[in-house]
Amino acid sequence: MSESMYIRNLSREEGEKLLARMEEINKVTRIGMSVSCVGVPTCQIGVLESQTLLKEINRALMEHNINTDYLPSVSISGCFNSCSRHQVSEIGFAGCKKRISDAPAEAFELHVGGAVEKDKTHMGNCMGALRKEDIPDFMVKLSQVLDTKGMYFMDYLKEYQKEFEDLTKPYLIS
């Protein structure tokens, strides 16, 4: 479920060669290790392109030269089937369609505060839906707030729940 890979029986030399080849694509930050389902167009059930959203989030963070140390990994599902486990993620998105001004719009529901831990597994809260094109900016703003406070996202969420709601509110659609 975390899109990890295990390779058995490598010698030390083979392992070092593999790591060297993977250096450019291997992600070491939590946000860099985010997970998305395969989504549209591969998935027949999917509603939106989850992998495209993840790329757009990462591109926006890089373009703004954002310190991402305080962001968690994000889980993105292209629909409500939870292939990325968005409901139990610290930040999760689920693809959906919403009506804005009588026209269909691509959106993702925002789920926050979930966890999968021994004896502490619980669903996150659904905050509402955000337009797909607004999510990278939302993540940039969130990262800036976290960097200013010097706090990891879940600590910030516990201590500044109302502030997080205020940050999220302008992005929410009905």
Side-chain angles (χ1 to χ4, degrees), residues 1-7 18-98 100 103-116 124-148 152-154 156-157 164 167-168 170-173:
M1 294 303 293
S2 63
E3 297 183 1
S4 297
M5 174 174 65
Y6 293 98
I7 301 174
L18 179 62
L19 283 173
R21 293 189 85 167
M22 299 287 293
E23 193 165 315
E24 286 184 32
I25 60 171
N26 199 19
K27 304 297 181 185
V28 294
T29 62
R30 286 183 289 254
I31 191 72
M33 291 185 266
S34 294
V35 175
S36 84
C37 69
V38 67
V40 170
T42 304
C43 179
Q44 299 298 311
I45 300 170
V47 177
L48 297 179
E49 296 180 24
S50 52
Q51 292 183 1
T52 300
L53 176 61
L54 182 54
K55 289 174 187 172
E56 290 171 359
I57 290 169
N58 283 319
R59 184 174 37 252
L61 293 168
M62 285 177 41
E63 284 175 1
H64 288 87
N65 199 27
I66 300 293
N67 175 11
T68 59
D69 292 346
Y70 302 111
L71 284 175
S73 74
V74 174
S75 298
I76 305 172
S77 297
C79 69
F80 291 113
N81 278 345
S82 192
C83 293
S84 73
R85 304 182 325 165
H86 61 269
Q87 299 100 325
V88 292
S89 298
E90 293 178 5
I91 296 179
F93 293 102
C96 61
K97 298 279 186 166
K98 293 286 186 180
I100 301 175
E106 295 183 343
F108 282 83
E109 276 194 353
L110 170 64
H111 297 257
V112 296
V116 177
N125 296 320
C126 181
M127 304 288 295
L130 289 73
R131 291 183 330 155
K132 180 186 80 168
E133 58 269 19
D134 292 340
I135 294 172
D137 183 61
F138 168 74
M139 293 298 293
V140 166
K141 295 267 190 317
L142 175 59
S143 189
Q144 290 169 334
V145 168
L146 297 174
D147 191 40
T148 300
Y152 180 66
F153 174 71
M154 289 303 288
Y156 168 77
L157 189 61
F164 177 73
L167 173 76
T168 307
Y171 293 96
L172 297 176
I173 56 176

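Position 1 is the first residue of the sequence; numbering continues from there. Both backbone and side-chain heavy atoms feed into the values below; hydrogens, waters and symmetry mates do not.
Rounding to the nearest 0.5 angstrom, the gap separating the CD1 atom in I57 from the CD1 atom in I66 is 13.0 Å. Taking OG1 of T68 as the start and CG of N58 as the end, the distance is 8.5 Å to the nearest 0.5 Å. Here the OG-CE distance, from S73 to M33, works out to 7.5 Å after rounding to the nearest 0.5 Å. Atom CE of M127 and atom CG of L172 lie 6.5 Å apart (nearest 0.5 Å). A distance of 12.5 Å separates CG in D134 from CZ in F108, rounded to the nearest 0.5 Å. Considering CG of L142 and OG1 of T168, their distance stands at 7.5 Å, rounded to 0.5 Å.
Formation of a donor-acceptor pair under 3.5 Å by the S50 side chain with backbone atoms of C37 is found in this model. Under a 3.5 Å cut-off, the side chain of N81 and the backbone N or O of C83 do not form any donor-acceptor pair. A donor-acceptor pair under 3.5 Å is formed between the side chain of T29 and the backbone N or O of G32.
S84 and S77 form a side-chain donor-acceptor contact under 3.5 Å, judged by distance and modelled atom types alone.
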Working for side-chain contact (heavy atoms from CB on, under 4.5 Å), residues V35 and I76: CA-CA 6 Å; V35 175; I76 305 172; over 6 Å; no
Test log, rule side-chain contact (heavy atoms from CB on, under 4.5 Å), inputs Y152 and R30: CA-CA 11 Å; Y152 180 66; R30 286 183 289 254; 3.0 Å; yes
Verdict with supporting geometry, E56 and I135, side-chain contact (heavy atoms from CB on, under 4.5 Å): CA-CA 9 Å; E56 290 171 359; I135 294 172; over 6 Å; no
Candidate pair L48 and L53, rule side-chain contact (heavy atoms from CB on, under 4.5 Å), full reasoning: CA-CA 9 Å; L48 297 179; L53 176 61; over 6 Å; no
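The two atoms that bring F93 and H86 nearest to each other are O-CB, 3.6 Å, heavy atoms only. The heavy-atom pair separating F80 from Q87 by the smallest distance is O-NE2, 4.2 Å. When every heavy atom of V116 is checked against every heavy atom of V88, the shortest pair comes out as CG2-CG2, 3.4 Å. Residues S34 and I31 approach most closely at OG-O, 2.7 Å, considering heavy atoms. Here the closest heavy-atom approach between residue I91 and residue M139 is recorded as CD1-CE, 4.3 Å. Nearest heavy-atom pair across Q51 and S36 is CG-OG, 3.0 Å.
Using a 4.5 Å heavy-atom cutoff, the side chains of V145 and F164 are not in contact. Under the 4.5 Å side-chain criterion, counting only non-hydrogen atoms from C-beta, L130 is not in contact with I173.
Looking at E106 and R131, no side-chain N of the basic residue comes within less than 4.0 Å of a carboxylate O on the acidic one, giving no salt bridge.
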